[in-house]
Novice: 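Would you mind keeping the following structure in view while I ask a few things?
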Amino acid sequence: MIVHKLIASCCGVGYIKRGSGSVAALIVAVLWFFFGSASPLVQVIIAVGVTIIGIWSAYQAEAEWGHDSSRIVIDEAAGMLISMFIIPITWKYVLAAFLLFRFFDILKPLFIKKMERLKGGWGVMMDDVLAGIYTNVILQILVVLKVF
């Protein structure tokens, strides 16, 4: 069970009392800024891998922590990875990804809230996956329009 807690909490980030989701997303954004210049295939493998591991670990962690516990922040990590998929790695785009992702994750518009109704780890992860997809779509539009 300790492995699931470690994964679900992103190495303990989920134990931060306030803002653990934002901290997890920020850590991923900073790591991506410095190390995210991988090929699109590698980016997909990383994002899908984190999502699958997140579903599995969130399902296991929920048994002890309860449904969608604030300690589970692997969902924010996955959502942030999806947010930054094949966008230019500049501080402006990474910051925009972080802010847009947190907006969608916190307010949960456009069917994001409904994703939480899915059972087990799926419900924990899929709202953040959808928030990441919405964020990425907006960022892709900003890239095409050359906003930054």
Side-chain angles (χ1 to χ4, degrees), residues 1-140:
M1 189 64 159
I2 187 111
V3 172
H4 300 298
K5 289 180 182 178
L6 194 61
I7 293 168
S9 71
C10 287
C11 298
V13 172
Y15 288 96
I16 295 171
K17 292 290 181 193
R18 291 182 189 238
S20 59
S22 293
V23 172
L26 183 61
I27 289 170
V28 170
V30 170
L31 288 172
W32 198 256
F33 180 76
F34 288 108
F35 305 108
S37 60
S39 72
L41 177 61
V42 171
Q43 290 181 29
V44 167
I45 291 169
I46 292 169
V48 170
V50 169
T51 301
I52 291 169
I53 290 168
I55 292 167
W56 175 65
S57 66
Y59 178 80
Q60 299 297 324
E62 277 191 326
E64 187 168 332
W65 291 339
H67 179 65
D68 207 0
S69 168
S70 62
R71 293 181 192 159
I72 301 172
V73 294
I74 189 72
D75 51 336
E76 276 82 8
M80 220 31 236
L81 288 169
I82 294 164
S83 296
M84 296 183 294
F85 176 67
I86 62 170
I87 65 160
I89 301 176
T90 67
W91 71 269
K92 290 177 183 178
Y93 281 111
V94 172
L95 178 61
F98 174 76
L99 294 174
L100 283 168
F101 173 70
R102 292 310 295 152
F103 167 81
F104 284 118
D105 187 31
I106 292 167
L107 296 181
K108 301 191 186 311
L110 305 170
F111 304 105
I112 294 173
K113 183 76 174 162
K114 288 185 179 189
M115 299 302 280
E116 290 181 326
R117 295 181 194 154
L118 297 171
K119 300 279 188 215
W122 289 97
V124 173
M125 296 296 293
M126 288 302 117
D127 66 312
D128 293 272
V129 166
L130 189 54
I133 291 169
Y134 288 156
T135 298
N136 189 270
V137 167
I138 291 171
L139 290 171
Q140 295 301 334

Novice: Please report the closest heavy-atom contact between S20 and V73, naming both atoms and the distance.
Specialist: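 Minimum heavy-atom separation between S20 and V73: OG-CG1, 3.7 Å.
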Novice: For a side chain to side chain contact (heavy atoms under 4.5 Å, CB included) check, start with the C-alpha distance between I138 and F104, then their side-chain angles and the critical distance, and finish with the verdict.
Specialist: CA-CA 11 Å; I138 291 171; F104 284 118; 3.6 Å; yes
Novice: With a cut-off of 6.0 Å (strictly less than), are more than 12 heavy atoms of other residues, nucleotides or ligands near CZ of F85?
Specialist: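 Count over threshold, so yes.
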Novice: Rounded to the nearest 0.5 Å, what's the gap from CG on L110 to CG on L130? Could you check?
Specialist: 8.0 Å
Novice: Just so I know, are the side chains of M84 and V28 near enough to count as touching, which here means a heavy-atom distance under 4.5 Å?
Specialist: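 Yes, at least one pair of side-chain atoms sits under 4.5 Å.
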Novice: Test your reading of the model: is there a side-chain donor-acceptor pair from D105 to the backbone of D128, 3.5 Å cut-off?
Specialist: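 Not at all, since once roles are kept as given, no pair shorter than 3.5 Å links the two residues.
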Novice: Taking atom CZ of F98 and atom OG of S83, what is their separation to the nearest 0.5 Å?
Specialist: 10.5 Å
Novice: Measure across S22 and R102 and return the closest heavy-atom pair with its distance rounded to 0.1 Å.
Specialist: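 It is OG-NE, 3.0 Å.
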Novice: If you take all heavy atoms of T135 and A97, which pair is closest and at what distance?
Specialist: CG2-O, 3.6 Å
Novice: Could you state the interatomic distance from CD (E62) to OG (S57), rounded to the nearest 0.5 Å?
Specialist: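 Answer rounded to 0.5 Å: 10.0 Å.
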Novice: How far does CZ of F101 sit from CD1 of I106, to the nearest 0.5 angstrom?
Specialist: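 Going from CZ on F101 over to CD1 on I106, the span is 9.0 Å.
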Novice: Taking only residues two or more places apart in sequence, or in another chain, which ones meet Y15 in a ring pair (Phe, Tyr, Trp, His ring centres under 6.0 Å)?
Specialist: W65
Novice: Is there a side-chain contact between I74 and M125 in this structure, where contact means two heavy atoms from C-beta onward sitting under 4.5 Å apart?
Specialist: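 Yes, at least one pair of side-chain atoms sits under 4.5 Å.
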Novice: May I ask you to test the H4-W56 pair for a side-chain heavy-atom distance under 4.5 Å?
Specialist: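 The answer is yes; the side chains approach within 4.5 Å.
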Novice: Within this structure, what is the CD1-CD distance for the pair I27 and E76, rounded to the nearest 0.5 Å?
Specialist: 11.5 Å
Novice: What's the separation between atom CE in M126 and atom CD1 in I133, rounded to the nearest 0.5 Å?
Specialist: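 Here the interatomic distance stands at 8.5 Å.
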Novice: Going through the distances and angles, do K113 and D127 end up as a side chain to side chain contact (heavy atoms under 4.5 Å, CB included)?
Specialist: CA-CA 7 Å; K113 183 76 174 162; D127 66 312; over 6 Å; no
Novice: Is a donor on one side and an acceptor on the other found under 3.5 Å between the side chain of Y134 and the backbone of I112?
Specialist: no
Novice: Enumerate the residue pairs fulfilling salt bridge (Lys or Arg N to Asp or Glu O under 4.0 Å) with a member in residues 3-21, sequence neighbours excluded, ordered by first and then second residue.
Specialist: K5-E64
Novice: For the pair Q43 (side chain) and I86 (backbone), establish whether a donor and an acceptor sit closer than 3.5 Å, ignoring hydrogens and angles.
Specialist: yes
Novice: Using modelled atom types only, decide if a donor and an acceptor are shared between the side chain of S69 and the backbone of A61 within a distance under 3.5 Å.
Specialist: no
